[in-house]
Amino acid sequence: MKKLPLSKQLIFVGIVFGVAMLTSFVLAFFAAAAAGRSGQPLPSPIIGLSLGVVAGAIYLGLAGNRRVALASGTARQAALAPVVDGSARLIVFRRGFVGKLAGVDVYLDGEVRTQLKSPRFAALTVTPGVHALETRMHNKPSASLTVEAIANATTIIEVEVAMKQATPVQRGDDADLRAVLAGTPMVVA
């Protein structure tokens with residue numbers, strides 16, 4: 001994982017200690033109010049610190065995300081329409097629950113083109129020929145997928161996500177998959 005900038009490291013520390021302090025205070029307040037003068041011990045601050053670490057881990061998992069604009073409905077319909085101008089189209093999509101909120105960067109020929117959360121897709125217009133597609137999640141690169149882009153054709157690629165690993169897999173272009181994509185939000189690439 002790439003090293004975070006100092007500002008994000010400070011935010012992480014602030015989240016961990018802020019959640020820890022707030023949780024410990026609330027638990028101690030309610031325990032003291034419920035116990036009265038019975039002399040029962042107050043809850044350990046370890047509970048608050050544990051919740052703080054969990055909140056910090058969630059922040060770190062999402063720290064690499066960036067804002068990606070959604071395309072309009074007409075742009076989505078145009079992307080799913082047949083290609084007739086001599087170019088080729090790659091549709092890269094992501095679905096599933098694992099790592100749903102973590103962004104996956106999509107690289108085409110070594111250049112980042114977009115970032116996908118789940119469920120989202122992007123339509124990339126390319127020149128016909130061979131292209132290399134790679135994905136990165138938490139800056140961990142996948143194996144490169146060699147894609148043959150054919151003129152006036154659409155190639156569909158699914159990004160399969162497992163624990164901290166995203167892998168591009170080429171899929172067949174069928175009507176069922178296009179029906180799923182028609183109801184999926186599209187990002188601007």
Side-chain angles (χ1 to χ4, degrees), residues 1-71 91-108 110-122 124 132-145 157-169 171 180-181 183-189:
M1 183 176 198
K2 121 179 152 177
K3 186 175 179 183
L4 291 175
L6 182 61
S7 62
K8 291 200 178 204
Q9 290 177 12
L10 292 174
I11 291 171
F12 168 74
V13 169
I15 288 172
V16 169
F17 286 111
V19 169
M21 297 289 286
L22 181 65
T23 305
S24 297
F25 173 77
V26 169
L27 288 175
F29 178 77
F30 285 123
R37 296 182 183 207
S38 67
Q40 293 179 349
L42 295 177
S44 170
I46 298 293
I47 296 170
L49 187 59
S50 299
L51 288 175
V53 168
V54 168
I58 291 170
Y59 171 75
L60 286 179
L62 302 177
N65 287 1
R66 60 179 184 269
R67 289 183 192 256
V68 180
L70 291 179
I91 293 181
V92 183
F93 76 99
R94 182 172 169 206
R95 60 182 170 182
F97 185 75
V98 176
K100 184 175 187 170
L101 295 177
V104 174
D105 293 323
V106 177
Y107 286 77
L108 185 65
E111 180 182 318
V112 67
R113 294 293 295 264
T114 191
Q115 187 178 73
L116 296 174
K117 295 179 190 172
S118 182
R120 300 274 190 275
F121 80 93
L124 310 173
L133 188 120
E134 179 183 296
T135 58
R136 292 186 187 179
M137 187 171 189
H138 300 293
N139 210 33
K140 183 178 179 185
S142 68
S144 183
L145 175 68
I157 298 153
E158 180 176 7
V159 178
E160 294 181 343
V161 176
M163 296 303 290
K164 293 189 177 185
Q165 179 65 43
T167 307
V169 177
R171 299 284 183 223
V180 169
L181 291 174
T184 303
M186 177 179 150
V187 299
V188 177

Among Met137, Lys140, Arg136, the one residue meeting side chain to side chain contact (heavy atoms under 4.5 Å, CB included) with Gln165
Lys140

Roughly how far apart are [X] [atom1] and [Y] [atom2], rounded to 0.5 Å?
X: Met186; Y: Thr114; atom1: CE; atom2: OG1; result: 9.0 Å
X: Glu160; Y: Arg95; atom1: CD; atom2: CZ; result: 8.5 Å
X: Tyr107; Y: Leu133; atom1: OH; atom2: CG; result: 12.0 Å
X: Leu116; Y: Glu158; atom1: CG; atom2: CD; result: 11.0 Å
X: Arg113; Y: Asp105; atom1: CZ; atom2: CG; result: 13.5 Å

Check whether any side-chain heavy atom of Leu145 sits under 4.5 Å from a side-chain heavy atom of Val169, and report yes or no.
no

Contact summary for [X] and [Y], nearest pair of heavy atoms:
X: Gly56; Y: Val16; result: CA-CG2, 4.0 Å
X: Ala132; Y: Ser144; result: CB-OG, 3.6 Å
X: Ala189; Y: Leu124; result: CB-CD2, 3.3 Å
X: Gln115; Y: Asn65; result: OE1-CA, 3.5 Å
X: Glu134; Y: Pro141; result: OE2-CB, 3.5 Å

List the residues meeting side-chain contact (heavy atoms from CB on, under 4.5 Å) with [X], not counting sequence neighbours, and say none if there are none.
X: Leu10; answer: Leu6
X: Thr184; answer: Pro119, Phe121, Val180
X: Leu51; answer: Val19, Thr23

Could you please spell out the steps behind the side-chain contact (heavy atoms from CB on, under 4.5 Å) verdict for Arg120 and Leu70?
CA-CA 9 Å; Arg120 300 274 190 275; Leu70 291 179; 3.6 Å; yes

Give a yes or no answer on whether the side chain of Thr135 reaches the backbone of Ser142 with a donor-acceptor pair at less than 3.5 Å.
no

